[in-house]
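To keep things clear, I will list the structure first and then write my remarks on it.
Lettering follows sequence order; numbering is per chain, from 1.
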Protein chains: 2
Amino acid sequence: MAKQPARQSDKFSFDVSRCLICSARNLNMCGALEPEELAKLSGMARCETFGSGDVLFHEGDKATSVYNITDGAVRLSTTLKSGRRQVIGFLFSGDFIGFSDRNEYPWTGEAVRGAKVCRFSRGDLTRATQELPKIEHRLLEMASADISAAQDHITMLGQSSAAEKLSAFLVMLSRKAATRGGSGNPVHLPMTREDIADYLGMAFETISRCFARLESEGLITVESIRVIRINDMDALADFSDSR
Amino acid sequence: MAKQPARQSDKFSFDVSRCLICSARNLNMCGALEPEELAKLSGMARCETFGSGDVLFHEGDKATSVYNITDGAVRLSTTLKSGRRQVIGFLFSGDFIGFSDRNEYPWTGEAVRGAKVCRFSRGDLTRATQELPKIEHRLLEMASADISAAQDHITMLGQSSAAEKLSAFLVMLSRKAATRGGSGNPVHLPMTREDIADYLGMAFETISRCFARLESEGLITVESIRVIRINDMDALADFSDSR
DNA sequence: CCCTCGCGTTGACACAGGTCAAGAAAAAGA
DNA sequence: TCTTTTTCTTGACCTGTGTCAACGCGAGGG
């Protein structure tokens, strides 16, 4: 389970020069701004580093901050009264946490194996968007992308078999990694089998069995527990049937 | 299946006066504007009426328009290569269609039993938002609400049993109706059992069985095939376990 | 009015994937 | 390094829900 409270070392404001060389910049809201404008945002940002399993915020906490992920991975999840957990998403460098119409966080955010983030207070960001409407335009683009991703998640959960879901998951992670500049193959998995299971709505034993099955069918090679080689990307994407 | 091409009677520009008395206004993006500003938008809008099963647009069509629903219900769905269909959502008066990061519609939009919409060209709306940043602010709020709704859908699909899903669906429809001014009970279902099944990721026979089971347990009364009375809202919401 | 056809209900049965259990392999800690 | 704990794998079994099939009902058309 998650450690509590969050460990937060390396906490300081940004100098704009750090923002200018930020590898996440072109993927997140900062990419919409010119260097002079970026200075306004950088003054509001707080850089924070989290260790494996550290909690950024709990479901139900007052939603006072929003986050740009700059390194590592963050897991968003909700837990039902019955104790079952749904992992809503895994966020990586360039991703944004904060789209919600509620005053409390509707999910818990935890660093998967460590993460770096850039934190803004909601109030500061609201003020910045009033001065720089470009930010809101970019946020709307990002929110639209999140909606598309959520709808793909819905379709996968509703219509796919266990093996199809796992294939789609691997293809998605590969594409996300490619967007971030890597080759996307082999796929590196920072999360556990249980995390994957709770993202895909299945039991973790079934995840294990599906990895074994996809490997026996030659679609993937499990190079190590957290490194999966996709032997034929097109075949795997085709098998996943997710358009 | 859906009729094609769409039947579109009653096609004309709005006079602002019509917008001022529009019952959907306070729920959609128009609610962000003063009467003078609203006139700018109303000049771009085209009012369209669709009959039962009529197609507004097909998955894959060039996404040239966005829509405000003003009456009736619209079903958004995607169909996989395998032929399985996922219903992404049912939209009612006050809802907006158009959040997507893709150039083609990622879903098919069809009137469930008839619908009235207010259509804008994407280009017109983009120009309007440049002049009136308020619109973009309101759209971001609406997109955030859509993200929250999609995440609830994800949690339901991933972690709930068949009966829990159907309960959550009924509670959601009831709340949506209440937002629109009705009592929300009994719940009126414009869609078929198959539509509900494809929304909840289950077989339509299972929907039938779950209605029977919820009724036998006294949680609901099936007053007619499309009218469901919720006998104890709290008990049903509690049973659905969806927070 | 009756006929037709789409939609809904119910039953019988099958099977994908969940659950429980045991043990292996990694990771973390000492 | 050795120990302890966590994570992963595999097997056996069970159950919820899908599938197939038959039939009932009700809205719409002639």
Side-chain angles (χ1 to χ4, degrees), chain A residues 1-3 7 51-54 75 82-87 110 112-114 156-167 169 188-216 220-228 239 241, chain B residues 1-3 51-53 75 82-87 110 112-114 156-167 169 189-216 220-228 241:
Chain A
M1 270 288 107
K3 295 168 204 164
R7 186 169 61 79
S52 185
D54 284 352
R75 175 183 62 234
S82 58
R84 289 166 294 182
R85 182 184 72 154
Q86 176 66 42
V87 171
E110 293 154 299
V112 176
R113 294 180 72 77
M156 182 177 68
L157 289 174
Q159 306 302 326
S160 298
S161 70
E164 287 169 344
K165 286 189 214 173
L166 185 58
S167 309
F169 179 70
H188 186 82
L189 307 174
M191 69 292 286
T192 66
R193 300 291 189 258
E194 189 166 16
D195 286 339
I196 301 172
D198 289 350
Y199 179 79
L200 297 178
M202 39 203 268
F204 66 87
E205 296 94 326
T206 308
I207 299 287
S208 254
R209 282 186 254 267
C210 288
F211 270 123
R213 185 180 142 198
L214 292 177
E215 183 162 38
S216 79
I220 63 171
T221 303
V222 181
E223 298 192 341
S224 82
I225 225 162
R226 299 209 139 80
V227 182
I228 311 294
F239 177 78
D241 192 30
Chain B
M1 272 288 105
K3 294 166 203 165
S52 185
R75 175 182 62 233
S82 59
R84 288 166 294 182
R85 182 184 73 154
Q86 176 66 42
V87 172
E110 292 153 300
V112 176
R113 294 180 71 76
M156 182 175 69
L157 288 174
Q159 305 301 327
S160 299
S161 70
E164 287 170 343
K165 286 189 213 174
L166 185 58
S167 307
F169 178 71
L189 307 173
M191 69 292 285
T192 66
R193 299 293 190 257
E194 189 166 17
D195 286 339
I196 301 172
D198 289 350
Y199 179 79
L200 298 178
M202 38 202 271
F204 65 87
E205 294 95 328
T206 309
I207 298 288
S208 253
R209 281 187 255 266
C210 288
F211 269 123
R213 184 180 142 198
L214 293 177
E215 183 161 37
S216 79
I220 63 171
T221 303
V222 181
E223 299 194 340
S224 82
I225 228 163
R226 299 208 138 80
V227 181
I228 311 294
D241 192 31

Which is more 5' along DNA chain C, the nucleotide nearest Glu194(B) or the one nearest Arg113(A)? Just name the residue.
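Whichever sits nearer the 5' end wins; that is Glu194(B).
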In whole angstroms, how far is the [atom2] atom of [N] from the [atom1] atom of [X]?
X	N	atom1	atom2	value
Gln159(B)	dG16(D)	CD	P	17 Å
Met202(B)	dG17(C)	CE	P	17 Å
Phe204(B)	dG18(D)	CZ	P	11 Å
Glu215(B)	dT9(C)	CD	P	10 Å
Ile196(B)	dT17(D)	CD1	P	17 Å
Arg84(B)	dT19(D)	CZ	C1'	14 Å
Ile207(A)	dG18(C)	CD1	C1'	13 Å
Lys165(B)	dG18(D)	NZ	P	7 Å

Between the side chain of Ser216(A) and the main-chain N/O of Arg213(A), is any donor-acceptor distance below 3.5 Å?
yes
When you measure from the side chain of Gln159(B) to the backbone N and O of Arg84(A), does any donor-acceptor pair fall under 3.5 Å?
no
Checking contacts here: which listed nucleotide ([options]) is nearest the side-chain heavy atoms of [X]?
X	options	value
Ile225(B)	dG17(C), dG18(D), dG8(C)	dG8(C)
Arg226(A)	dA27(C), dT9(C), dT9(D)	dA27(C)
Ser208(B)	dG18(D), dG18(C), dG8(C)	dG8(C)
Arg209(B)	dT10(D), dG11(C), dT17(D)	dG11(C)
Glu205(A)	dG18(C), dA21(C), dC7(C)	dA21(C)
Thr192(B)	dG18(C), dT17(D), dC7(C)	dC7(C)

Rounded distance [0.5 Å steps], CE in Met156(A) versus CG in Leu200(A)
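So the gap between those two atoms works out to 5.0 Å.
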Could you state the interatomic distance from CZ (Arg226(B)) to CZ (Arg113(B)), rounded to the nearest 0.5 Å?
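Between atom CZ of Arg226(B) and atom CZ of Arg113(B) there are 4.5 Å.
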Using OP1 and OP2 only, check whether a side-chain N or O of Thr206(B) sits under 4.0 Å from dT17(D).
no
Passing candidate, side-chain contact (heavy atoms from CB on, under 4.5 Å) with Asp198(A), options Arg85(A), Arg193(A), Met191(A):
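Only one option passes, and that is Arg85(A).
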Base, sugar-phosphate, or nothing: which does Phe211(A) touch, judged by heavy atoms less than 4.0 Å apart?
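The residue Phe211(A) makes no contact with any strand.
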